[in-house]
Amino acid sequence: MFNSTGNNFGAGQIQFKDYQAPNYVVLNAKLTFDPANSDYQACNQLEIYVPDLTIDRSAVGGVFIRFIETQTYSWGDSVYDGGTVLKSWIKDKNTIVIEKQPWFDQNGPLTIYILTLYPQLNQGANTIKGTKQRLTVTTEGNYLRFSSDTFIVVFDHWVFMHLQFSSCSYAQRDLPWEATFEQMPANVTADVPVPGGGNQFHQDCFGMGECHIENKIFTMDRRVAGFWDTGREPFAFAFLVREGEGLEPEPVEE
């Protein structure tokens, strides 16, 4: 774990969870900023300055950006949270770059989720294989269901997770959700964006919610109004750092 040393878009200090190998790094962070601030308005790309990383430049990875919006009507509130994916890369051993796309600036504040594996650019290596496991999700009464494309790959210091939502009992659709992820290591804690679902108030993007994972428990309290719209299946995609003592070192390929 480490803290950023600065940034050029007015986000304040950013805390990272990390696993760093000789030829890749996995970084986890969640940060919020106001796009109306002068630093953001002046920059051409978002830069986060960090202590020395084990790699000095990377291939392009993806990060998620999200805004939160609630509209109030005579019958109640409706959620129109949305977002997109931005390109991100490590420019040098002290700089993480995120592309600037001002589509949603008027919907600030904005939140960026870095749940990303950055491989060293132009460096070959033998692949370290992992085993894909179906992620078993249990809820009381089996009210929340995920598709067969929901899986996890567990490594000693991090995991890759992919969720694909399938259906929910009608009585539970507007209630907070809680489920157990059976194969998820207990030492993973993260807020994870959930893209997908229709966004009637913002037709230029899908919805984007957020779920929380801690001690094998998945929770999600807020969902876009069009979460179950046909053809806009919500999902989650994340590289997540494991925490705690007693982790075995990753093998290093010669």
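Quick note: residue numbers are just sequence positions, from 1.
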Quick one: does Asn215's side chain have a donor or acceptor within less than 3.5 Å of a partner on Ile217's backbone?
no
Indicate if Phe16 and Val25 have the same hydrophobic cluster label, given that clusters are the connected sets of ILVMFWY residues with side-chain heavy-atom separations under 4.5 angstrom.
yes
For Thr139 against Ala179, the heavy-atom pair lying closest together
CG2-CB, 3.3 Å
Members sharing Tyr80's hydrophobic cluster, built from side-chain contacts under 4.5 Å between Ile, Leu, Val, Met, Phe, Trp and Tyr, are Tyr73, Trp75, Phe201
Only pairs under 3.5 Å count here: list side-chain donor-acceptor contacts from residues 147-154, not counting sequence neighbours, and write none if there are none.
from, atom 1, to, atom 2, distance (Å)
Ser147, OG, Asp149, N, 3.1
Thr150, OG1, Ser147, O, 3.3
Thr150, OG1, Gln164, N, 2.9
Thr150, OG1, Gln164, O, 3.3

Is the backbone of Asp81 close enough, under 3.5 Å, to the side chain of Asn199 for a donor and an acceptor to pair up by distance?
yes
Should the heavy atoms of other residues, nucleotides or ligands under 6.0 Å from CG of Asn44 be counted, would the total exceed 12?
no
Could you check whether Arg223 makes a cation-pi contact with Trp177, meaning its NZ or CZ is under 6.0 Å from the centre of the six-membered ring and within 45° of the ring axis?
yes
Could I get the full list of side chain to side chain donor-acceptor pair (under 3.5 Å) partners for Gln200, not counting sequence neighbours?
none
Spatial distance of atom OG (Ser167) from atom CZ (Arg145) [nearest 0.5 Å]:
3.5 Å
Look at the side chain of Arg66 and the backbone N and O of Met208, then say whether any donor-acceptor pair between them is shorter than 3.5 Å.
yes
Applying side chain to side chain donor-acceptor pair (under 3.5 Å) to Tyr40 and not counting sequence neighbours gives Asp105
I need the Leu110 CG to Thr32 OG1 distance, nearest 0.5 Å.
8.5 Å
Value rounded to 0.5 Å, distance of OG1 in Thr189 from CZ in Arg242
11.5 Å
Is it true that a side-chain atom of Glu99 and a backbone atom of Leu86 form a donor plus acceptor pair closer than 3.5 Å?
no
Could you walk me through whether Asp52 and Asn94 pass the side chain to side chain donor-acceptor pair (under 3.5 Å) check?
CA-CA 5 Å; Asp52 287 357; Asn94 299 116; 2.7 Å; yes
Hey, is CG on Asp174 packed in by over 12 heavy atoms from elsewhere, all under 6.0 Å?
no
Using atom types as modelled and distance alone, determine if a side-chain donor or acceptor of Asp18 lies under 3.5 Å from a backbone N or O of Gln20.
no
Short side-chain donor-acceptor distance under 3.5 Å, Asp77 and Thr72
yes
Pair Asp92 + Arg57, salt bridge at N-O below 4.0 Å:
no
Hey, mind stepping through Ile96 and Val50 against side chain to side chain contact (heavy atoms under 4.5 Å, CB included) and telling me if it holds?
CA-CA 8 Å; Ile96 302 164; Val50 297; 3.9 Å; yes
Decide whether Phe155 and Leu27 are clustered together by the hydrophobic rule: side chain heavy atoms of Ile, Leu, Val, Met, Phe, Trp, Tyr closer than 4.5 Å, transitively.
no
Is Pro176 close to Met220 at the side-chain level, that is, under 4.5 Å between some pair of heavy atoms?
no
Nearest 0.5 angstrom please: Thr219 OG1 to Ile213 CD1, how far?
8.5 Å
Charged N-O contact under 4.0 Å between Lys91 and Glu47:
yes
For side chain to side chain donor-acceptor pair (under 3.5 Å), just list the numbers for Thr136 and Gln183, CA-CA rounded to whole Å, side-chain angles, deciding distance to a tenth of an Å, and then say yes or no.
CA-CA 7 Å; Thr136 305; Gln183 292 78 19; 3.0 Å; yes
Can you check side chain to side chain donor-acceptor pair (under 3.5 Å) on His212 and Glu210, steps first, answer last?
CA-CA 7 Å; His212 182 74; Glu210 177 188 279; over 6 Å; no
Are the side chains of Arg222 and Val79 in touch, meaning some heavy atoms are under 4.5 Å apart?
yes
Given 3.5 Å as the limit, does a donor-acceptor pair link the side chain of Thr54 with the main chain of Pro22, or not?
no
If the condition is ring pair (Phe, Tyr, Trp, His ring centres under 6.0 Å), which residues does Phe235 pass it with, not counting sequence neighbours?
none
Is there a donor-acceptor contact under 3.5 Å from the side chain of Lys93 to the main chain of Leu53?
no
Counting N and O atoms only, with roles assigned by atom type, does the side chain of Ser88 sit under 3.5 Å from a partner on the main chain of Ile98, one being a donor and the other an acceptor?
no
Look up atom CD1 in Ile14 and atom NZ in Lys30, then write down how far apart they are to the nearest 0.5 Å.
13.5 Å
Parallel, tilted or perpendicular: which describes the rings of Phe160 and Phe237, with under 30° parallel and over 60° perpendicular?
perpendicular
To the nearest 0.5 Å, what is the distance between OG1 on Thr111 and CG on Leu31?
7.5 Å
Check whether any side-chain heavy atom of Tyr143 sits under 4.5 Å from a side-chain heavy atom of Cys168, and report yes or no.
yes
List the residues meeting side chain to side chain donor-acceptor pair (under 3.5 Å) with Gln15, not counting sequence neighbours, and say none if there are none.
none
Please work out which of the three classes, parallel, tilted or perpendicular, describes the rings of Phe146 and Phe181, given edges at 30° and 60°.
perpendicular
Less than 4.0 angstrom from a charged side-chain N to a carboxylate O is my criterion; do Lys17 and Glu243 meet it?
yes
Is the Phe239 ring parallel, tilted or perpendicular to the Trp158 ring (thresholds 30°, 60°)?
tilted
Determine yes or no for a side-chain-to-main-chain donor-acceptor pair under 3.5 angstrom, with Gln41 supplying the side chain and Pro35 the backbone.
yes
Do the side chain of Ser58 and the main chain of Ile90 share a donor and acceptor less than 3.5 angstrom apart?
yes
Taking atom CD of Gln203 as the centre, does the number of heavy atoms from other residues, nucleotides or ligands within less than 6.0 Å exceed 12?
yes
For Gln120 and Asp56, run side chain to side chain donor-acceptor pair (under 3.5 Å): C-alpha distance rounded to whole Å, both residues' side-chain angles, the deciding distance at 0.1 Å, then the answer.
CA-CA 7 Å; Gln120 171 72 43; Asp56 59 5; 2.9 Å; yes
Taking the six-membered ring for Trp, are the ring centroids of Phe104 and His202 within less than 6.0 Å of each other?
no
